[in-house]
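Each remark here refers to the structure printed beneath this line.
So you know, we letter chains A, B, ... as the sequences are listed, proteins then strands, and number each from 1. Everything numeric in this text was worked out from a predicted model, so none of it was measured.
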Protein chains: 2
Amino acid sequence: MMITPKVAVDVIIFTVRNEALQVLFVQLKPPLHTEMWAFPGGLVPSGESTEEAATRCLFETTGVKDVYLEQLYTFSNPHRDPHGHVVSVAYVALVNRTRINLRVPGKCANIGWLSVATPPPLAYDHADMLQYAIQRLRWKLEYTNIVYSLLPRDFTLTELQRVYEIILGRPLDKRNFRKKMLSLGMLQVTPRAVKVGAHRPARLYRFRRRMPMIIEVL
Amino acid sequence: MMITPKVAVDVIIFTVRNEALQVLFVQLKPPLHTEMWAFPGGLVPSGESTEEAATRCLFETTGVKDVYLEQLYTFSNPHRDPHGHVVSVAYVALVNRTRINLRVPGKCANIGWLSVATPPPLAYDHADMLQYAIQRLRWKLEYTNIVYSLLPRDFTLTELQRVYEIILGRPLDKRNFRKKMLSLGMLQVTPRAVKVGAHRPARLYRFRRRMPMIIEVL
DNA sequence: TCAAAAGTGTTGCATTTACACCCATGA
DNA sequence: TCATGGGTGTAAATGCAACACTTTTGA
């Protein structure tokens, strides 16, 4: 019987919070990489699919299920983990921060959201993973509806636009943005509006279908 | 120590041959799945990256290196292989058939090119892999230059167009195709032309850079 | 001179970009 | 009445799709 590498998953959990794109990191307990941060993850037991393992990891740290979760890439450099050859299947999840109840997994010393703009020192090859994940997120934002998973059920168009601007890192034209979003037909107007502050109340919208789809197909 | 699944690679090797998109399949030796076909692949030994394993598999069956090779997806269903839990990292390779010297790997009974239009019964979850690979190939053909890996160094625009038509499965307009290709600036005219048959000779072109790149960036 | 593939431009349509003012509200 | 964010339309430019004839060659 040939000896093959071990299999792990890492889950890159994005949210938009405090006007920034943030990622959930855990801090490992000594003696492993203390002072470094890493994505939630771990070895995959035989009999469990990597999707299941990623879903489980996501649930154990945030308490949420049923959010957008996508396989990103498989990282397999034999030296990526100094303790032995571990092939890691990376996943990306998008969560709405208001639904989160963070919990520190048993094997971790700490957990928290950190902005991708100023990432901390990362363990293993997690810096590569993060770069790739951000790139993929920006790319898919443009031609899918996955942003639904970052927002509450009801939201204003300005909130939606802010999420796009924060992730893409550039300002968008308000009129063109609204025209485009509404023309895609994936949003539904709700009868309600929000009144906050001394100005005109904003209409609330929601996604017709809160599931991933490619925009041309809508 | 936790027991994790074994790690394998499968390589989906595409070529364009006989006016069809074809894939390289091997037939397993008895007692395993005889009568079924599968992609070249196998377990990844500890210490080898999956890229290396895929490159090696490609070389062992076709004798080529330095062609387009891309990670496709990781398949991890615990039941995908009835003999035990094997996570397979699938790769896609694109080769130019004229450069190929097929060899039957020791553990296989047979090897050959088969058209994707009429795929044979496939072992494991290889039918799923194939569908996904075709989809990805079509998609990437539209916004990258990866087609370079399917053609000889020098080719005519008609040959290039045929490759696109065969993979996409629909006819393309000759004038629009040429306009588009030439405007992207990724082709170089060569001084030579080919004369075959009783008609005007065709100019030969080649790719400026025979390496994968996204078309907007060119 | 004929057959066969190579090669070449223009027009309409759809999509994207740029851009500035009025509206509704609470303080 | 003023400050604040919500909401709206038009014109130019760009990109894409449709479409037919002339050129060069060898037989």
Side-chain angles (χ1 to χ4, degrees), chain A residues 16 18-19 138-139 141-145 151-152 154-166 168-206 214-218, chain B residues 16 18-19 138-145 147 151-152 154-166 168-206 214-218:
Chain A
V16 171
N18 301 337
E19 295 284 296
R138 287 186 176 147
W139 186 245
L141 207 59
E142 310 255 26
Y143 70 93
T144 70
N145 68 341
L151 287 160
D154 294 354
F155 51 86
T156 69
L157 288 182
T158 302
E159 285 165 352
L160 180 62
Q161 182 174 345
R162 277 307 289 149
V163 171
Y164 271 82
E165 289 178 330
I166 287 166
L168 297 177
R170 62 187 156 91
L172 300 173
D173 180 88
K174 183 162 60 157
R175 278 171 293 187
N176 292 338
F177 180 82
R178 293 159 106 89
K179 214 183 314 172
K180 184 75 184 300
M181 281 297 153
L182 295 175
S183 77
L184 293 174
M186 60 186 187
L187 298 183
Q188 209 171 25
V189 198
T190 74
R192 297 180 44 246
V194 275
K195 307 187 186 187
V196 285
H199 53 81
R200 180 171 174 174
R203 292 307 293 269
L204 285 175
Y205 291 80
R206 69 178 57 153
I214 292 179
I215 283 182
E216 275 105 352
V217 179
L218 290 176
Chain B
V16 171
N18 300 338
E19 295 284 297
R138 288 186 175 144
W139 185 245
K140 288 202 90 162
L141 208 59
E142 309 256 23
Y143 71 92
T144 70
N145 69 340
V147 69
L151 288 161
D154 294 352
F155 51 86
T156 69
L157 288 182
T158 302
E159 286 165 352
L160 181 62
Q161 183 175 345
R162 276 307 290 148
V163 171
Y164 271 81
E165 289 177 331
I166 287 166
L168 297 177
R170 61 186 157 91
L172 299 174
D173 180 87
K174 183 161 61 156
R175 278 170 293 188
N176 291 338
F177 181 81
R178 294 159 105 90
K179 214 184 312 171
K180 184 75 184 300
M181 280 298 154
L182 294 174
S183 77
L184 293 175
M186 61 187 187
L187 297 182
Q188 209 171 25
V189 197
T190 74
R192 297 179 45 245
V194 276
K195 307 188 187 188
V196 285
H199 52 80
R200 179 170 175 174
R203 294 304 293 270
L204 286 175
Y205 290 79
R206 69 179 57 152
I214 293 178
I215 283 182
E216 275 104 352
V217 179
L218 290 175

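Between A:Tyr164 and A:Phe177, the ring planes are perpendicular. Angles over 60° get that label, and only those under 30° would be called parallel.
Between the CZ atom of A:Arg203 and the P atom of C:dC23 there is a distance of 18 Å, given to the nearest Å. Here the P atom of nucleotide D:dG7 and the CE atom of A:Met181 are 15 Å apart, to the nearest Å. Rounding to whole angstrom units, CG of residue A:Leu204 and C1' of D:dG6 are separated by 12 Å. If you measure from atom CZ of B:Arg200 to atom C1' of D:dT24, you get 6 Å, rounded to the nearest angstrom. Regarding A:Gln161, its CD atom lies at a distance of 11 Å from the P atom of D:dG7, rounded to whole Å. In this structure, CD of A:Glu159 is placed 12 Å from C1' of D:dG5, rounded to the nearest angstrom. Taking atom NE2 on B:His199 and atom P on C:dA5, their separation rounds to 6 Å, with Å as the unit. If you take OH of A:Tyr205 and P of D:dG6, they are 12 Å apart, rounded to a whole angstrom.
Nearest heavy-atom pair, A:Ile215 versus A:Met186, reported as atom, atom and distance to 0.1 Å: CD1-CE, 4.4 Å.
Within 4.0 Å (heavy atoms only), A:Thr158 reaches sugar-phosphate atoms of the nucleic acid but no base atom. At a threshold of 4.0 angstrom between heavy atoms, the contacts of B:Arg178 include nucleobase atoms, whether or not backbone atoms are also involved.
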>> I need a per-nucleotide contact map over nucleotides 12-20 of chain C, read 5' to 3'. Cutoff is protein heavy atoms under 4.0 Å; write B for the base, S for backbone only, - otherwise.
In response: ----SBBBB
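Between A:Leu187 and A:Phe155, some side-chain heavy-atom pair lies under the 4.5 Å cut-off. Side-chain contact check for A:Leu168 versus A:Glu142: some heavy-atom pair is nearer than 4.5 Å. Residues B:Thr158 and B:Arg178 meet the side-chain proximity criterion, which asks for heavy atoms closer than 4.5 Å.
Checking side-chain atoms of A:Gln188 against main-chain N and O of A:Arg206 turns up no donor-acceptor pair under 3.5 Å.
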